[in-house]
Structures are given as structure tokens and as C-alpha cells.
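In each ligand, atom 1 is the first atom listed, and ligand 1 is the first ligand listed. For the single chain, residues carry numbers from 1 onward in sequence order.
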Amino acid sequence: MKNMGLRTIYLISLTLVFLTAVLLFAVFDMESQRKASDQALLEEARTFAREMDATWQFMDNSQDKINYTTEGAYEFKGLHCAVVGKSIGAIFSAGSDYAIRYVNLSPRSYQGTPDEYEAAALNEFVSTGGTEKYGRAVYEGEERFRYVRALEVDESCLECHGSPVGEIDITGYEKEGWTLDSVGGAISIVLPTDAQDESMFGNVVRDVVFFLCLAVLIGGVVWTITTLFVFRPLAHMKEAFGKMQEGSLSVNVDERHTAKEIAHLMIEFNAMASELDILYSSLEEQVNDRTFDLQKANEALKQKRDDLQRLNAKLEQEAEFKSNLLSMVNHELRTPLTSIITFAQISKESCGEGKASDRASWEEIEKNSLILLRMINDMLDMARSDAGSITASCEPVDLGDIVASVRNTMVPLANKYAVDFSASVASDVPLVMGDYEKITRMLENLGSNAVKFTPDGGSVVLSVERDVETDAVLLRMSDTGIGIAPADQERIFEKFFQVDSTSTRKYNGSGLGLALVREYANLQGYSVRVESELGAGSTFTIEIPHEATVGDDDV
Ligand code: ADP
């Protein structure tokens, strides 16, 4: 049913309904016609029976005239009621499809012997007291209408059939001993049904044809009305939907020649189509507006992209400039500075003890040049770190060597600041995995800070030992200097941060040393921390974890 058209469904349903109705009507009509026909046959049979009764009665009433001579003497002429009735019945039945018989369960002659239907009727009358039995039954091989009615024994019957039993009556037969009101036999009437049946079938055919015509007429009218008022308008709506699908929203379905409900639907449809049309037009406008906005946004974006590209180009230029500057600093500053340091050291040595003031001057030149060189190195390393081009090697390193080298660098510097510098390495400190240069630089930065921020007469201690709990190696740079406030203890590791950043500060420096220490530590998988108290000194600790130490098995 899902894919069938409404017309097809409608047609099939109508046909099925009408066929069923015609069939039911035919069955019902046939049944009622048959009943009517049987009723007519019954009335006909009863009429025959009454006529026969009348004849019988007449004969009975006329016995006193029939059986006497003209002189008034009794003379039985054989014309008693039973003989006359049976004879008229036989004459009437001869040569026709009709039969009128008198039957009895104990007949005096074979003509009165009942057939099966009549015997059943007689037995029924005797046993139940009924007086009529009728219906369609077979008679002489054909279906006929049978009617059997009981004959009750009355006064006139007793003369021949009453008591005493066995006495010979006037007809020469022995009396049966019947009593009043008992069943003395039955009149049996057989009627042909052909004429009735023919007329019945004719009636049924006529009725069915009439009903069929009526059904076809009703179906035709219903079909025409539905086509005109439903199918055709629906087809128009379908056509309109098709147009809408193709993009033409200005459709209008004519609702004038349709049923009220469909007309409402069409009016709603037309309203919806026109609303859609308006919406679509405003949507188009909106789309145009949005497209325009989008174009503008695109242009702005393009502008921004161009700006960014220009900025990028500028940044690239600046990066190139920075790189050039760095290589220039590297080459143009470090090379002469190294020469200055070397010459200052040679000149200092060649001054001898006699020229103490010259020697002090050369020492000052050497010290400041060294500070300048460290600052330049820090700047270069930080720039490399920012560019991501800084790496650290990872090889076994003897911390004893590094500490000795750092001490050699720090002791002269400490001496100049009148600070005591000492260094020690515990005997159980193992080799560690790391970058020799970087660890050295870390300790030099921490050491130079410690010397720098420790007043004259103070001390700086570098100790390297093994943490018994974690098996890590701890490099500690402790001083008795000015200390760092708790609020600054984390910030000092930021780039360019200095506790005293005023232009009048008394300690020189770039603010990059500790940032580089942390950077180098992270590169090698180490950590750095500080513990300090203002005025009491500071301790910077580099922790080399156990994993970065070289065990006995690794050597
Ligand atoms: P700078 O070149 O200024 O020394 P650093 O990054 O090495 O730069 O140090 C940052 C700041 O941390 C220093 O300016 C100083 O204020 C503080 N600082 C570093 N080490 C010590 C220390 N041992 N004692 C006191 N203050 C220190």
C-alpha cells in the first residue's frame, strides 16, 4: 500500500466495498425471496387442504341423501367421504406435478401408505400433538414443496373406523377402534416449486442488477466528486510544490472549485508560499549583506595579513640585524677584549713589585675587562638560548677538575674584593654526566656574584658533596654577603632582574648571570635553588640528580 497512488487505493477500496455489498445483498435477497416463495407455497397448500376438507365435509353432510333411494329406502352407494376425497385427490394429481393424497400409518389400501416424509409427519403428529408439517423435500426424485396436515377423528369417522374393533363396517373393512380427537391420518399435498423458483431467481437477478447499477452509480458519483474536489486540487498542489522545488516561490493555487477543507488547505498553502517568498527575498538580501560584510572582513583580514607580513619581514630584518650584531659583538668585541686581558696580565707581571701603582692599574684593567668579557659571554649565551641554538654536551665530568679551575679564576677576583674564597670536593663525589664548560660557567657566575655581593672581610665557600639520602651531588656556593629578601629569591632567576636596579646601584652586572645558570641547569637536567637571609648571606645550590651521576658500574 505504501507506494500506491491515492487514486489506486481509493479505486481498489471502492471496488472491494461495492463487490462485498453486492455479494451480501445477493445472499440476503436470495434468502428472503426463498422464504417468501415458501410462504406462498404454504398458503397454496393450505388452500388446497381447505378445499379438500370442504369436499370431504360436503360428502359427509350429504350421506343421508346419497345413500337412500328415491323411495326413501337406505342403499349404500359407495360414495362415502373418504372415497370421494381420495378419488378427487387422485384425479387432480393425475398428469400434473401436483399430488393430493390421504395417508395413514395403518392404511386400508396401498394407496394410503405414507412415504418417508409423510410417515415422519404422522409419527410427529401422534407423538407431539402437532397438526402441520411442511417444507421442501424430494418427491419422486425431484425437489417439491411438501405439506402434510393431520386429520383429527370426529363423530362421522367413528361409523367406519370406531368400535368395536374388528367389526365389519359398511365399506366391508374391519373397524380399527379409533377414538374421538385422535389422529386418523393426514392429508398430504405435494406442490411443484419450479414456477416459484423461476420467479424467485428472476426477482433475485433483477434486485442484484438494480443494486449493482445503484452501486455503480453511487461509486461513479463518489469518484467524480472526489476527483473534482480532492484529486484535481491535490494535483494542482503537487504541481505547485514542484515549481517551489525548482525555486519559483511565487506560486498560487486556485482554491475556488474545491471542497471547503481542501480550499482551507490551499489557502494555507498559498499563505505559506507567499511567506516563504518574502522570507527568501529577505534572506537573499541578508545573504547579500552578509557577503558584503564578509568581503569587508576579508579585506580587513588581508590588510592585517599584509601588515603581519610587513611586520614579519621587519622582524626577520631585525633578527638578521641581531644575528649580525651578535657575530659582530662576538668577533669585534671579544677578540680585542681577550687581547686587552692578555696584555694587561703580561704588563701586570712585567711591572714587578717596584711599580705598585702601575701594577694596580693593570690589575684594574684586567678585572674590569674580565667582568666585561663575562657580561658579553652571558649576553651571547642568552641570545643563543633565545634562538634555541644552545645545546649542552653530556659526557662524564670530574667535578674536582671544574672546582680547581673555578678556584683559579675566583681567587684573584676574591682577593681584589678582600673576600676569602675556599673550595672543597668530598672524596665520595662521583663523576657526573654533563657539559664541562657549562658547569664551569654556572659555578663562575655564582662565584662572581657571591664575591661581588659580599662585603670586604667576608668569605665565599664552594663545596661539592654527595647527598646521603638522595645520592644526588650538591654544588653549594655560600657567602656571608648582603643576602636576598624572600620576595626576590625567585625573581633573581628572571632575565635582567636585579634587586637594586637603580642607576645609582653600586654593583655592576647585566642581570643575566642567574638566568643563564638556571638555563644551563635545565639543559642538563639539573636544578638550582637559593636559600638566603638579608644581611646574613646566601647559599646557591646546584643539584645534580642521582641519574646524572656515573656509578661504579658505569665506569
Ligand atoms: P648580575 O649581573 O646583576 O649579578 P645576576 O643574574 O647574576 O645578575 O643576579 C641577579 C641579581 O641577584 C643581582 O643583581 C643581585 O641583586 C642578586 N644576587 C645574585 N647573587 C647574589 C648573592 N650572592 N648575594 C646577594 N644578591 C645576589
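Applying the ring pair (Phe, Tyr, Trp, His ring centres under 6.0 Å) test to F25 and every residue at least two apart in sequence or in another chain returns F211.
Residue-level proximity to ligand 1 for I484 is carried by the side chain, the only part with a heavy atom below 4.0 angstrom. Contacts of L512 with ligand 1, taken as heavy-atom pairs under 4.0 Å, involve the backbone alone.
The side-chain hydrogen bond (donor to acceptor under 3.5 Å, both in side chains) analysis of residues 223-240, with sequence neighbours excluded, yields the pairs Y10-T226.
Within ligand 1, counting atoms from 1 as listed, the ones closer than 4.0 Å to a heavy atom of F497 are 10 (C), 11 (C). Annotation for ligand 1: atoms under 4.0 Å from non-hydrogen atoms of K452 are 1 (P), 2 (O), 4 (O). With ligand atoms numbered from 1 in the order given, ligand 1 contributes 25 (C) to contacts under 4.0 Å with heavy atoms of I482.
Using a 4.0 Å heavy-atom cutoff, F540 is listed among the residues neighbouring ligand 1.
A salt bridge does not link K416 to D456: none of the charged side-chain nitrogens sits closer than 4.0 Å to a carboxylate oxygen. In this structure, D358 does not pair ionically with K348, as no charged nitrogen and carboxylate oxygen lie closer than 4.0 Å.
Residue contacts with ligand 1: G511 is placed with a nitrogen or oxygen under 3.5 Å of a nitrogen or oxygen of the ligand (distance criterion only).
Side-chain contact between D467 and V473 is absent, with no heavy-atom pair separated by less than 4.5 Å.
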